[in-house]
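Have a look at the structure below, then the notes.
These numbers come from the heavy atoms of this one structure, side chains and all, not from hydrogens, waters or symmetry mates. Owing to the predicted nature of the structure, the values given are computational and were not obtained by experimental measurement. Along the sequence shown, residues carry numbers from 1.
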Amino acid sequence: MAGMTLAEKIGQMFVLQVNGDTATTTNQTDVAANQALYGSDVRNGAELLAKFHPGGIIYFTQTNNLNNPQQVALLSNGLQRAALADDGVPVQISTDQEGGVVTRIPPPSAISPGNMAIGATFDRGLSYSTAASTGRQLRAMGINMDHAPVVDVNTNPRNTADGTRAFSDRSEVVSAFGAAAVLGYQENGVAATAKHFPGLGSSEANPDTGIAVVNETREEILRTDIPPFRAAIAAGVKSIMPTAVIVPALDPTRTPAILSKPIITGLLRDTLRYDGVIVTDALRADALKDIPQDQVILGAIRAGNDELLLPTDPPAAIATVTGAVRDGTISRHRIDESVYRILRLKAELGLFDHPFTTSQAVDSRVGTAADQQTMATAAQRSMTLLKNQAGVLPLPANSGRHVLVTGWGFNGVPSLADKLSAKGLVATPMWTGSPDPQTIAQVVAAAGASDVTVVLTNNAWGDVTQQNLVNALLATGKPVVTVAVGGPYDIAYFPSAPTYLAAYGYRDVSLAAIADTLVGAEPTGRLPVTIRTPDGGTVLFPFGSGMGYHSQG
């Protein structure tokens with residue numbers, strides 16, 4: 001720190017995106033995107049690091065960073081070389097590899113099912129092993145921070161931010177599984193990030209796309225939402241991510257948590273005694289769009305955050321901080337506090353000694369058979385059969401029975417059909433998405449010509465067209481198997497469905513487990529949440545519900 005300039009220190013506090021599949025890309029589309037964001041003299045990652053000295057880079061698919069494991073490793077090494085040539089400080093490289101719905105790194109890496117699927121196994125050892133597998137693979141690609149695990153407690157079934165990203169609706173389950181995941185990541189060289197402080201589980205909106213409000217009392221928040229963060233801190237979590245949720249019980253001014261000193265410094269730093277890195281959720285989130293960016297940036301620092309993730313206009317944001325330090329609005333001591341934590345984290349990750357990866361590490365650690373098996377086991381053990389009243393399941397393999405696969409999932413419907421066909425069934429895909437009446441009529445006609453229909457739903461509680469499709473299929477009187485590939489709550493909206501499987505995911509690892517279960521693999525998952533009627537008044541399926549093929553439902 002003693003040898004760093006003010007510009008280098010301020011740069012350390014920013015985590016930015018960069019377009020390109022290499023650190024020195026000349027791809028015209030990527031160059032133009034970088035110049036639009038950072039100025040005409042920043043064409044690629046190496047030039048971004050030289051000009052603005054960001055302490056972190058975050059990878060996304062849409063920024064052309066994540067095409068295949070070897071390419072990711074080369075990009076990571078190129079960024080590290082550029083960072084070391086600039087100010088001698090290695091760069092923090094992060095992504096959001098939660099598993100399930102939020103998966104950035106594609107196959108052939110081994111992909112974990114999401115948190116709620118893992119919660120449904122009731123085996124926190126699988127939370128550790130799936131995170132350990134993910135951590136090993138990320139570090140082999142040169143990624144040293146994962147913005148995971150989500151430790152929100154999904155107490156609101158209509159939550160659009162979390163859902164299957166949460167382990168459970170019970171605080172003690174989330175605490176245990178979240179802490180296990182933290183250890184899994186960090187014992188394999190990747191900093192974990194517990195998110196979204198102080199808890200998004202009771203909200204309905206997602207701060208990325210709207211205004212999210214938590215209306216719980218302070219006592220409810222401390223009893224339900226905070227314990228998983230305490231558990232993560234006790235497990236040594238290296239970073240925590242607050243989000244732009246409004247929590248009046250914790251800050252009566254209704255300042256978003258990410259900008260709230262009572263929440264970040266008062267609760268997280270002082271009450272919970274957390275001294276690790278605090279990295280903001282995206283500062284370009286819709287929930288913050290009505291606040292001027294300079295107020296967002298300075299508010300985030302005053303609140304107590306260390307790393308500022310994805311500001312709307314990075315050069316202007318950096319200039320704002322620089323001006324505030326120079327005019328005394330923010331002290332140099334305050335900047336130094338954050339830079340110290342950031343550099344300490346990088347030292348703890350071994351980045352000063354070992355910033356690079358190798359192609360051999362990618363070959364030996366990414367997508368191994370053992371890791372693929374770990375993920376497959378977790379997905380299979382998550383399969384939760386809630387109803388099998390007509391005894392339709394399991395379907396007899398190699399029987400040539402005609403199966404219509406329909407419903408939600410542009411990729412999931414044909415993929416599941418292929419998997420069932422490979423098991424000796426004659427499966428026909430008919431994807432509907434959110435179907436109009438004409439599409440529903442076509443599917444009903446096809447169902448009439450089939451022996452059994454498998455219909456996929458994804459958060460149908462918020463999509464009446466999916467409900468209409470399921471109800472129309474049920475009205476045919478033909479065998480129908482409803483499979484929820486989002487949250488398990490959909491059954492509350494078509495309670496007469498006689499056969500219902502909660503799968504918690506639509507990635508390939510979950511689709512393979514669905515296919516295996518449909519033809520006879522024993523479903524051993526249990527609900528990690530409670531399913532109530534839409535009005536919340538009556539419990540339909542209590543926490544822990546689940547049946548096997550040999551038990552009565």
### Task
Mark yes or no for whether E204, through its side chain, and T160, through its backbone, hold a donor-acceptor pair below 3.5 Å.
no

### Task
Could you point out which residue of I258, T193, V245, L200 forms a side chain to side chain contact (heavy atoms under 4.5 Å, CB included) with D281?
I258

### Task
Could you tell me whether F352 atom CZ has more than 12 heavy atoms of other residues or ligands within 6.0 Å of it?
yes

### Query
Would a distance-only check, ignoring hydrogens and angles, find a side-chain to backbone donor-acceptor pair under 3.5 Å from Q12 to L343?
no

### Query
Given side chains that start at C-beta, do those of L395 and K423 come closer than 4.5 Å, heavy atoms only?
no

### side-chain contact (heavy atoms from CB on, under 4.5 Å) between V279 and S94, worked out
CA-CA 11 Å; V279 51; S94 60; over 6 Å; no

### Query
Does some side-chain heavy atom of V190 sit less than 4.5 Å from a side-chain heavy atom of N188?
no

### Trace of the side-chain contact (heavy atoms from CB on, under 4.5 Å) decision for V214 with V247
CA-CA 5 Å; V214 166; V247 193; 4.2 Å; yes

### Query
Can you find a pair of side-chain heavy atoms, one from P523 and one from T384, that are under 4.5 Å apart?
no

#### Entry: Over all atoms of both residues, closest heavy-atom pair of V277 and R341
CG2-O, 3.5 Å

### Query
Less than 4.5 Å apart, any side-chain heavy atom of D463 and any of W408?
no

### Message
Set out, in order, the CA-CA distance, both residues' side-chain angles and the distance that settles salt bridge (Lys or Arg N to Asp or Glu O under 4.0 Å) for D306 and R269, then state yes or no.
### Response
CA-CA 12 Å; D306 299 306; R269 289 279 188 226; 2.7 Å; yes

### Message
Between K195 and H147 (side chain of the first, backbone of the second, donor and acceptor by atom type, cut-off under 3.5 Å), is there such a pair?
### Response
yes

### Task
Mind checking the CG-OG1 spacing from L75 to T63? Nearest 0.5 Å is all I need.
9.0 Å

### Heavy-atom closest contact (P198 atom, A257 atom, distance)
CD-CB, 3.6 Å

#### Entry: Side chains of S338 and E307, donor plus acceptor under 3.5 Å
no

### Task
Apply ring pair (Phe, Tyr, Trp, His ring centres under 6.0 Å) to F356 and list each qualifying residue two or more places apart in sequence or on a separate chain.
none

### Query
Testing T374, T368, D371 for side chain to side chain donor-acceptor pair (under 3.5 Å) with S133, which one passes?
D371

### Query
Judged by modelled atom types alone, do N206 and T209 share a side-chain donor-acceptor pair under 3.5 Å?
no

### Task
Taking atom CZ of R124 as the centre, report whether more than 12 heavy atoms of other residues, nucleotides or ligands fall under 6.0 Å from it.
no

### Interatomic distance, I93 atom CD1 to T357 atom OG1 [nearest 0.5 angstrom]
10.0 Å

### Message
Under 3.5 Å, is there a donor on one side chain and an acceptor on the other for S415 and Y506?
### Response
no

### Query
With a 3.5 Å cut-off and no angle check, do the side chains of T457 and D490 form a donor-acceptor pair?
yes

### Query
Just checking, is any N or O donor in the side chain of T377 or Q373 under 3.5 Å from an acceptor N or O on the other one?
yes

### Message
Would the distance check show the side chain of Y274 and the main-chain N or O of I264 forming a donor-acceptor pair, the cut-off being under 3.5 Å?
### Response
no

### Query
Under the 3.5 angstrom rule, does the side chain of Q467 hit a backbone N or O of A460 as a donor-acceptor pair?
yes

#### Entry: Sub-4.5 Å side-chain heavy-atom contact between D225 and D152
no

### Task
Apply side-chain contact (heavy atoms from CB on, under 4.5 Å) to I240 and I233, showing your working.
CA-CA 9 Å; I240 290 179; I233 292 168; 3.8 Å; yes

### Heavy-atom side-chain contact between V480 and F494 under 4.5 Å
no

### Task
Answer yes or no: is there an ion pair linking D96 with R165, defined by an N-O contact shorter than 4.0 Å?
no

### Message
Go through it in stages, so that I can follow the logic: the residues are N115 and E98, the test is side-chain contact (heavy atoms from CB on, under 4.5 Å), and I'd like the CA-CA distance, side-chain angles, deciding distance and then a yes or no.
### Response
CA-CA 8 Å; N115 283 356; E98 298 174 13; 5.7 Å; no

#### Entry: side chain to side chain contact (heavy atoms under 4.5 Å, CB included) partner of V174, chosen from D169, T224, V153
V153

### Task
Measure from the side-chain N and O atoms of N154 to the backbone N and O of T164, and report whether any donor-acceptor pair falls under 3.5 Å.
no

### Under 3.5 Å donor-acceptor, Q97 side chain and T134 backbone
no

### Shortest non-hydrogen separation from P414 to P429 and the atoms involved
CA-CB, 3.8 Å

### Query
Ignoring hydrogens and geometry, is there a side-chain-to-backbone donor-acceptor pair from N156 to S203 under 3.5 Å?
yes

### Message
Taking P108's backbone N and O only, do any of them form a donor-acceptor pair with Q372's side chain (distance below 3.5 Å, no angle check)?
### Response
yes

#### Entry: Residue pair T130 / A378: nearest heavy atoms and the distance that separates them
CG2-CB, 3.8 Å

#### Entry: Exam field: side chain T280 to backbone L309, donor-acceptor pair closer than 3.5 Å
yes

### Query
For the residue pair Y493 and W461, is the inter-centroid distance of their aromatic rings smaller than 6.0 Å?
no

### Summary
Note: P355 and P90 closest approach over all heavy atoms is CB-CB, 4.3 Å

### Query
Yes or no on salt bridge (Lys or Arg N to Asp or Glu O under 4.0 Å) for K419 and D508, after CA distance, side-chain angles and deciding distance?
CA-CA 10 Å; K419 289 172 169 53; D508 200 62; 2.8 Å; yes

### Query
After noting the C-alpha distance and the side-chain angles of D275 and R344, does the key distance pass the salt bridge (Lys or Arg N to Asp or Glu O under 4.0 Å) rule?
CA-CA 11 Å; D275 190 43; R344 182 182 62 191; 3.2 Å; yes

### Task
Give the minimum heavy-atom separation between L66 and Q71, together with the two atoms involved.
C-OE1, 3.7 Å

### Side chain to side chain, R507 and M375, heavy atoms closer than 4.5 Å
no

### Query
Do we see a donor-acceptor contact under 3.5 Å between the side chains of Q70 and D363?
yes

### Query
Mind checking whether L272 and R230 have side chains closer than 4.5 Å, heavy atoms only?
yes

### Message
Rounded at 0.5 Å granularity, tell me how far CG in N68 sits from OG in S109.
### Response
10.5 Å

### Task
Working to the nearest 0.5 Å, report the span between CD1 of I58 and CG of L310.
5.5 Å

## Note on the structure
To the nearest 0.5 Å, atom CG of L527 lies from atom CE of M116 at 9.0 Å

### Query
Looking just at side-chain N and O atoms, do E187 and Y128 make a donor-acceptor pair shorter than 3.5 Å?
yes

### Task
Not counting sequence neighbours, list each pair that qualifies as a ring-ring contact (aromatic ring centres under 6.0 Å, His included) and has a residue in residues 164-198.
F167-F177, F197-F229

